[in-house]
Amino acid sequence: MDERRSRREMGSRPVSRAQAAELLYRVARVREVLPSPLQDCLLRPYPSGGAIHELEFYLAVDVCQGLSSGFYHYRGTDHALTRLEGGAGPAQEMLADAASAWGQPGEPPQCLIVLASRLSRLAWKYEAIAYKISLMNAGVVLQSLYLVCTELGLNGSAVGSGRPDLFAAATNASSWEETSIAEFGFGTRPD
């Protein structure tokens, strides 16, 4: 915790697929599915209101050894990535926006984790405060990403912007179904 910092400088060596996989595994994997008549609950490494885990994880890749540039959905139950066709263009715009938000245009993170909320998963239980709970859950995930990046020797930082329109273009999802709410860029440390 004492070592955690926002580190936006990326190294010349690309992050590896194994490092990106380890980060996602430690933070976002699904440990267990708890069947329920209303809605299945999940156990993940981070806490979530009602164990509902409405957040979905996506990865925009600029440079990653062993992984092509593009936009991917992380499937936590399988610990696997699915490349989304048509997502490469919006992913590059997301990465460029992250660089600008970090105050370093033209120097994007090597990879960008995009957190998306499926509010309907929460709304049946939490109704009017579902969005608030989703934002709190995203804050917990961001801190977890900071801590795991620190542990893995990677640089990383939250991004203080984000464009749900680019997420919608990359995923073809309706904003009523799923929308991006937070972003976190990461990569290797400078040599």
Side-chain angles (χ1 to χ4, degrees), residues 4 6 8 20 23-30 39-62 70-77 81-84 86-103 108-149 156-187:
R4 188 219 57 84
S6 292
R8 298 173 182 91
L23 179 60
L24 287 166
Y25 180 81
R26 289 195 190 187
V27 175
R29 76 183 182 278
V30 174
Q39 174 179 297
D40 289 351
C41 293
L42 304 173
L43 294 182
R44 283 184 142 160
Y46 65 92
S48 173
I52 293 171
H53 287 284
E54 80 292 351
L55 296 178
E56 291 290 330
F57 292 73
Y58 292 84
L59 186 67
V61 175
D62 184 31
F71 199 64
Y72 298 82
H73 178 243
Y74 177 69
R75 296 187 329 272
T77 52
L81 291 172
T82 299
R83 183 180 170 88
L84 301 180
Q92 287 303 309
E93 286 188 63
M94 290 177 204
L95 290 155
D97 286 353
S100 293
W102 280 358
Q110 293 174 351
C111 294
L112 181 72
I113 293 175
V114 179
L115 300 178
S117 178
R118 292 189 178 174
L119 284 174
S120 60
R121 288 185 187 170
L122 286 172
W124 70 269
K125 182 172 185 177
Y126 292 106
E127 297 177 356
I129 62 169
Y131 186 67
K132 175 183 175 180
I133 289 172
S134 197
L135 291 176
M136 290 189 299
N137 290 338
V140 170
V141 169
L142 291 175
Q143 179 68 350
S144 297
L145 289 166
Y146 272 113
L147 295 174
V148 174
C149 273
S157 180
V159 179
S161 65
R163 294 199 23 216
D165 62 316
L166 290 176
F167 176 80
T171 61
N172 290 320
S174 159
S175 60
W176 292 105
E177 176 187 337
E178 182 176 15
T179 190
S180 60
I181 61 170
E183 297 177 350
F184 184 91
F186 69 95

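Start at 1 with the first residue, then count along the sequence. Just so you know, these numbers use all the heavy atoms, side chains as well, and skip hydrogens, waters and symmetry mates.
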Separation between [atom1] of [X] and [atom2] of [Y], rounded to the nearest 0.5 Å:
X    : Y    : atom1 : atom2 : value
H73  : L59  : NE2   : CG    : 11.5 Å
Y46  : L55  : OH    : CG    : 4.5 Å
L112 : Q110 : CG    : CD    : 12.0 Å
L42  : R29  : CG    : CZ    : 13.0 Å
L135 : I129 : CG    : CD1   : 12.0 Å
L115 : Y58  : CG    : OH    : 11.0 Å

> Going through the distances and angles, do Q39 and K125 end up as a side-chain contact (heavy atoms from CB on, under 4.5 Å)?
Replying inline: CA-CA 10 Å; Q39 174 179 297; K125 182 172 185 177; over 6 Å; no
Using atom types as modelled and distance alone, determine if a side-chain donor or acceptor of [X] lies under 3.5 Å from a backbone N or O of [Y].
X    : Y    : result
R121 : H53  : yes
R118 : E178 : no
S134 : A130 : no
W102 : A158 : yes

Are the side chains of [Y] and [X] in contact, using a 4.5 Å heavy-atom criterion?
X    : Y    : value
L166 : D97  : yes
L23  : C149 : yes
V27  : P45  : no
I133 : I52  : no
F186 : P109 : no

>> The test is side-chain contact (heavy atoms from CB on, under 4.5 Å); show your working for V141 and I113 and say whether it passes.
In response: CA-CA 11 Å; V141 169; I113 293 175; over 6 Å; no
> When the ring planes of Y146 and F184 are compared, do they come out parallel, tilted or perpendicular, using 30° and 60° as the limits?
Replying inline: perpendicular
> side-chain contact (heavy atoms from CB on, under 4.5 Å) between Y131 and T179: does it pass, once the steps are laid out?
Replying inline: CA-CA 11 Å; Y131 186 67; T179 190; 5.7 Å; no
What's the shortest heavy-atom distance between [X] and [Y], and which atoms?
X    : Y    : value
A60  : A91  : CB-CB, 3.9 Å
N137 : S48  : ND2-OG, 3.3 Å
D62  : P108 : OD2-CG, 3.5 Å
R44  : V30  : NE-CG2, 3.6 Å
V114 : S180 : CG1-CB, 3.7 Å
I181 : A138 : CD1-CB, 3.9 Å

>> Could you check whether E54 and Y126, counting side-chain N and O atoms only, form a donor-acceptor pair closer than 3.5 Å?
In response: no
